[in-house]
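I have placed the structure first, in the form of structure tokens, so that the comments after it can refer back to it.
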2 protein chains.
Amino acid sequence: MEFSSKLLENAVNEMSQLPGIGKRTALRLVLHLLRQPESQTFQLADALSKVRKEINFCKSCHNISDNILCEICENPNRNTELICVVEDIRDVMAVENTSSFKGLYHVLGGKISPMDGIGPQDLNISTLVEKVKAGKVKELIFAMSPTMEGDTTNFYIFRQLQGYNVTTSTIARGVAAGNELEYTDEVTLGRSIIDRVPFEASLKS
Amino acid sequence: MEFSSKLLENAVNEMSQLPGIGKRTALRLVLHLLRQPESQTFQLADALSKVRKEINFCKSCHNISDNILCEICENPNRNTELICVVEDIRDVMAVENTSSFKGLYHVLGGKISPMDGIGPQDLNISTLVEKVKAGKVKELIFAMSPTMEGDTTNFYIFRQLQGYNVTTSTIARGVAAGNELEYTDEVTLGRSIIDRVPFEASLKS
Ligand SMILES: [Zn+2]
Ligand SMILES: [Zn+2]
């Protein structure tokens, strides 16, 4: 692709670094911005710089937050003895959207995936284990996507918690195996939280 | 979509202003940036701000350019008596890519489309007519996308040039009617420039 402007070429190259955005799409997006009022581009640029610079993760649950603790962890009406373990913040948003869950979350930041070089030490697992060891958690709900990596992650954490007095469950599999949690409809996901099964029982199926 | 961070929400909202980028895709892109080194986001933001702030259009052909005249208009090896009329700069890039054309361009900046409220006065037509009236153009090649709006635009310009000593042609229709020029493969597009036909002849078919 030959550009008549270095500024344009540079913008297209940076835009096409984003996943799923090829050079042609990037060019279309940049040319769109050039046709809009300047303020739209400046607001986009500012918003991206700001979220990247000032982004903060909740000290307790690792959810994205503008404060030290996120709104969920700070909400006195949430049940602090019940923790829903999720892969990333999109899953927090998906479960919150169901209005079926009134406990807290723990965001692992990914799932164990030897193929991608992601081991337990790369995830927020130790802080979860510490919460359980501190004795303040009665139940963990594993709400990982029902994939092999999700199952591996659940099982790894389950083994770390052997000997501690905590109930573990997984969300009911209303979802087809292999599906990503965030694409599950609200009703199915909401019901699967309510119908959660003890983790040991899920191993037999 | 409920966000745990105003900064995140703001970035996603701005990103989802882009055409074809919904809220869910915008969230995926912003979360991707949050996982990458800060520099990637800052470079993207800078490149977008810079191209929007400093963007310049060639005073002669209206192509995007970093200087007063674009590289094509300034190239002494180009045939200044032959002008290829295109809708937007992606079409300049598409034709340049064929290496079949050694004249200059004139970028209209769109096509006449009453449905979208775009009339001749919204396009760079008057500067093209002036070039012809100045007597320095021997041939115009209409290289608009073969759509109804493209045909309307060609015909409007053609009528403005009645009585002036200029040959008008359209690129050969190797392309299926209704297709966008920029998605045409290089070979087809290159041949259609060489096989161009007098504009009057194209009206009969
Ligand atoms: Zn939190
Ligand atoms: Zn030019």
Side-chain angles (χ1 to χ4, degrees), chain A residues 1-15 17-21 24-25 27-36 38 40-56 58 63-67 70-72 88-90 92-93 96-97 109-110 182-183, chain B residues 1-15 17-21 24-25 27-36 38 40-56 58 63-67 70-72 88-90 92-93 96-97 109-110 182-183:
Chain A
M1 210 178 259
E2 283 279 339
F3 291 89
S4 59
S5 155
K6 286 278 168 214
L7 293 174
L8 177 65
E9 182 171 15
N10 195 25
V12 170
N13 284 343
E14 291 295 338
M15 193 69 112
Q17 304 281 313
L18 292 170
I21 309 276
R24 206 185 274 273
T25 301
L27 177 61
R28 189 170 56 82
L29 296 178
V30 173
L31 291 179
H32 171 83
L33 285 172
L34 292 176
R35 284 190 298 267
Q36 302 302 118
E38 277 195 340
Q40 185 175 334
T41 304
F42 298 161
Q43 281 167 19
L44 171 62
D46 282 357
L48 292 178
S49 296
K50 205 148 192 265
V51 73
R52 188 65 190 81
K53 198 181 300 174
E54 300 179 17
I55 194 66
N56 180 62
C58 173
N63 189 9
I64 288 179
S65 167
D66 294 338
N67 302 302
C70 74
E71 287 173 12
I72 297 169
D88 82 9
I89 76 136
R90 285 179 292 182
V92 174
M93 292 167 74
E96 280 295 283
N97 226 15
E182 60 160 332
Y183 296 116
Chain B
M1 208 177 257
E2 283 279 340
F3 290 89
S4 60
S5 155
K6 286 278 168 212
L7 293 173
L8 178 65
E9 181 171 16
N10 195 25
V12 170
N13 284 342
E14 291 295 337
M15 193 69 112
Q17 303 282 313
L18 292 170
I21 310 276
R24 205 185 274 273
T25 302
L27 177 61
R28 188 169 57 80
L29 297 177
V30 173
L31 291 179
H32 171 83
L33 285 172
L34 291 176
R35 283 190 298 268
Q36 302 303 117
E38 279 195 338
Q40 184 175 335
T41 304
F42 298 160
Q43 281 167 20
L44 170 61
D46 282 356
L48 292 178
S49 296
K50 206 148 191 266
V51 73
R52 188 64 189 82
K53 199 181 300 175
E54 299 178 18
I55 194 66
N56 181 61
C58 173
N63 189 7
I64 287 179
S65 168
D66 294 338
N67 302 302
C70 75
E71 286 173 14
I72 296 169
D88 82 9
I89 76 136
R90 284 179 291 183
V92 173
M93 293 167 74
E96 280 295 282
N97 227 17
E182 62 160 330
Y183 296 117

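When reading the values below, keep in mind they use all heavy atoms of this one structure, side chains included, and skip hydrogens, waters and symmetry mates. Just so it is clear, the structure is predicted and the values come from calculations on it, not from any experiment. Each chain gets a letter, A, B and so on, in the order the sequences are listed, and its residues count up from 1.
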Completion exercise
Looking only at Cys70(B), Ser5(B), Ala45(B), most heavy-atom pairs under 4.5 Å shared with chain A are made by Ser5(B)
Problem - When Ser49(A), Cys58(A), Gly20(A), Gly109(A) are compared by non-hydrogen pairs under 4.5 Å with chain B, the top option - result: Ser49(A)
Exercise for the section: Using atom types as modelled and distance alone, determine if a side-chain donor or acceptor of Ser4(A) lies under 3.5 Å from a backbone N or O of Ile64(B). Expected result: yes
Fill in the blank from the handout: Highest number of heavy-atom pairs under 4.5 Å with chain A among Asn67(B), Asn97(B), Leu44(B) belongs to Leu44(B)
Handout entry: chain B interface, residue from Asn13(A), Leu31(A), Asn56(A) that has the most non-hydrogen pairs under 4.5 Å
Key = Leu31(A)
Exercise for the section: Quick one: pull up CG in Leu29(B) and CD1 in Ile21(A) and give me the separation to the nearest 0.5 Å. Expected result: 5.5 Å
Exercise for the section: List the atom of Arg52(B), the atom of Leu33(A), and the distance in Å for their closest heavy-atom pair. Expected result: NE-O, 3.1 Å
Fill in the blank from the handout: CG of Asp46(B) to CD of Glu14(A), rounded to nearest 0.5 Å, is 9.0 Å
Problem - Choice from Arg24(A), Met15(A), Gln40(A), Gln17(A) maximising heavy atom contacts with chain B below 4.5 Å - result: Arg24(A)
Practice task
Among the options His32(A), Glu2(A), Glu54(A), pick out the one with the most heavy-atom pairs lying under 4.5 Å from chain B.
Solution key: His32(A)
Fill in the blank from the handout: From the list Leu34(B), Leu18(B), Asn10(B), the residue making the most non-hydrogen contacts under 4.5 Å with chain A is Leu34(B)
Completion exercise
Closest non-hydrogen atoms of Leu48(B) and Val30(A), given as atom of the first, atom of the second and distance, are CD2-CG2, 4.1 Å
Fill in the blank from the handout: Honestly, the part of Leu27(A) sitting under 4.5 Å from a heavy atom of chain B is side chain
Fill in the blank from the handout: chain B shares the most heavy-atom pairs under 4.5 Å, among Gln36(A), Met93(A), Lys50(A), with Met93(A)
Problem - Under 4.5 Å from any heavy atom of chain A - which part of Glu96(B) - result: neither
Completion exercise
So NZ of Lys53(B) and CG of Leu7(A): to nearest 0.5 Å the spacing works out to 11.5 Å
Fill in the blank from the handout: Rounded to the nearest 0.5 angstrom, the CG-CG distance for Asp66(A) and Leu8(B) is 8.5 Å
Completion exercise
Of the listed Arg35(A), Glu71(A), Arg28(A), the one with the largest count of heavy-atom pairs under 4.5 Å with chain B is Arg28(A)
